[in-house]
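Note that ligands are numbered from 1 as they come in the structure, with each ligand's atoms numbered from 1 the same way.
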Amino acid sequence: MLPMEPNRRRQLLRALEIEAWVRPRAKSELELASMAQQAAAPVMAAPLAPPADAPQDTVMARPPKSKPAAAPQALLVNDAPEVAPYVAPRDWAGLAAAVAGCERCKLCRTRTNTVFGVGPQNAPLLVVGEGPGADEDAQGEPFVGRAGKLLDEMLKAIGRSRNDNTFIANVVKCRPPGNRDPEPDEVAACRPYLDRQIEILQPKLILALGRIAAQRLLATDEPLSKLRGPVFEYGSSKTPVLITYHPAYLLRSPGEKAKSWVDLKRVHRFLDAKG
Ligand code: URA
Ligand code: SF4
């Protein structure tokens, strides 16, 4: 193709309304930049900012590439916006505040209270459930209903409680409506909070309760029968993870309590060995 006269080229681009997204070549960079400034429509989308209610120390790890405001569809192929990963606050109070005001997934629309978790920050054991139920949603604390009472008894049997040596949290901090399972996108949206909790708490062991918590935590589809027993590792910290039944399941199937006792003894031995 013959090189085009700059004015002609500009006219053509304007006619096609494509000046905004045409990458200037090195030679005509200044020229096109001033064209962009003159264009009536906004040219570049504003860089993605943290949500207005995000805590001050929330940072976006990578600003996304600016992209054209209203480019023709066909020309957006291979120009998918890059979504910056959310970086949760690094301090406990900031993290708790971020969760309290979180709107990162649709569960925020139906919750009454967020449920951050409960227990001391130096707890060697972190218990992870699936998500708040009706009682937890009402009170803002995990495992306070019938299943929670059973969990407290199970923990007590191995010398543990939320008051001194066990932290209790869930894979999602807001109640899934109607007690449905948390959906993968909700778990993914909430994951930075749990990950930061684990990073700050540095538990010696994570005990996941039930199939959903276990599968979501370990990103697997394996049935609970395969997940009970082995010690898994979580994240880059390689925190050991054990899996047992959910206390709500044990309330429905009391015959399985004997097997959960086997798991609890394993938890006890593991933590004992770790000092
Ligand atoms: N079930 C859970 O998985 N978590 C709670 O907090 C309560 C019930
Ligand atoms: Fe935010 Fe988690 Fe609640 Fe979703 S479930 S709104 S990600 S705190």
*Just which atoms of ligand 2 are under 4.0 Å from any heavy atom in C102?*
1 (Fe), 6 (S), 7 (S), 8 (S)
*asked:* Quick test: of every protein heavy atom, which one is nearest to atom 8 (C) of ligand 1, and how far off is it to 0.1 Å?
replied: F143 CE2, 3.7 Å
*Mark yes or no: R104 above the aromatic ring of Y86, with NZ or CZ under 6.0 Å from the six-membered ring centre and no more than 45 degrees from the axis.*
yes
*Is there any N or O on E136 that sits under 3.5 Å from an N or O of ligand 1?*
no
*From C190, does some N, O or S atom reach closer than 2.8 Å to atom 2 (Fe) of ligand 2?*
yes
_With a 4.0 Å cut-off on heavy atoms, is H246 in contact with ligand 1?_
yes
*Which residue holds the protein heavy atom closest to atom 4 (N) of ligand 1, what is that atom called, and what is the gap in Å?*
N170 OD1, 2.8 Å
_So that I can tick it off, tell me whether E141 and R162 are bridged by a salt bridge, with the cut-off set at under 4.0 angstrom between side-chain N and carboxylate O._
yes
*4.5 Å side-chain heavy-atom contact, L227 and Q215*: yes
*Salt-bridge test for R146 and D135: reply yes if a basic N is under 4.0 Å from a carboxylate O, no otherwise.*
no
*Counting each atom of ligand 2 from 1 as listed, which ones have a heavy atom of A189 under 4.0 Å away?*
7 (S)
_Between K106 and E186, does any side-chain N to carboxylate O distance fall below 4.0 Å?_
yes
*Decide yes or no for Q197 and F116: does some side-chain heavy atom of the first lie under 4.5 Å from some side-chain heavy atom of the second?*
yes
*Can D263 and R266 be counted as an ion pair, charged N to O under 4.0 angstrom?*
yes
_Option set R109, R111, K106, R175, criterion heavy-atom distance to atom 6 (S) of ligand 2, minimum_ = R111
_Side chain, backbone, both or neither: which applies to E130 and ligand 1 if a contact is any heavy-atom pair less than 4.0 Å apart?_
both
*asked:* Students often mix this up, so state it plainly: with edges at 30° and 60°, are the rings of F167 and W92 parallel, tilted or perpendicular?
replied: perpendicular
*Find all atoms of ligand 2 within a distance of less than 4.0 Å from any non-hydrogen atom belonging to C174, and give their numbers and elements.*
3 (Fe), 5 (S), 6 (S), 8 (S)
*Quick one: which of P142, G131, G129 has a heavy atom closest to atom 5 (C) of ligand 1?*
G131
_List ligand 2 atoms under 4.0 Å from C108, heavy atoms only on the residue side._
6 (S)
*Considering only protein heavy atoms, which is closest to atom 4 (Fe) of ligand 2, and at what distance to one decimal place?*
C105 SG, 2.4 Å
*When you check the gap from the basic side-chain N to the acidic O, do E256 and K259 get nearer than 4.0 Å?*
yes
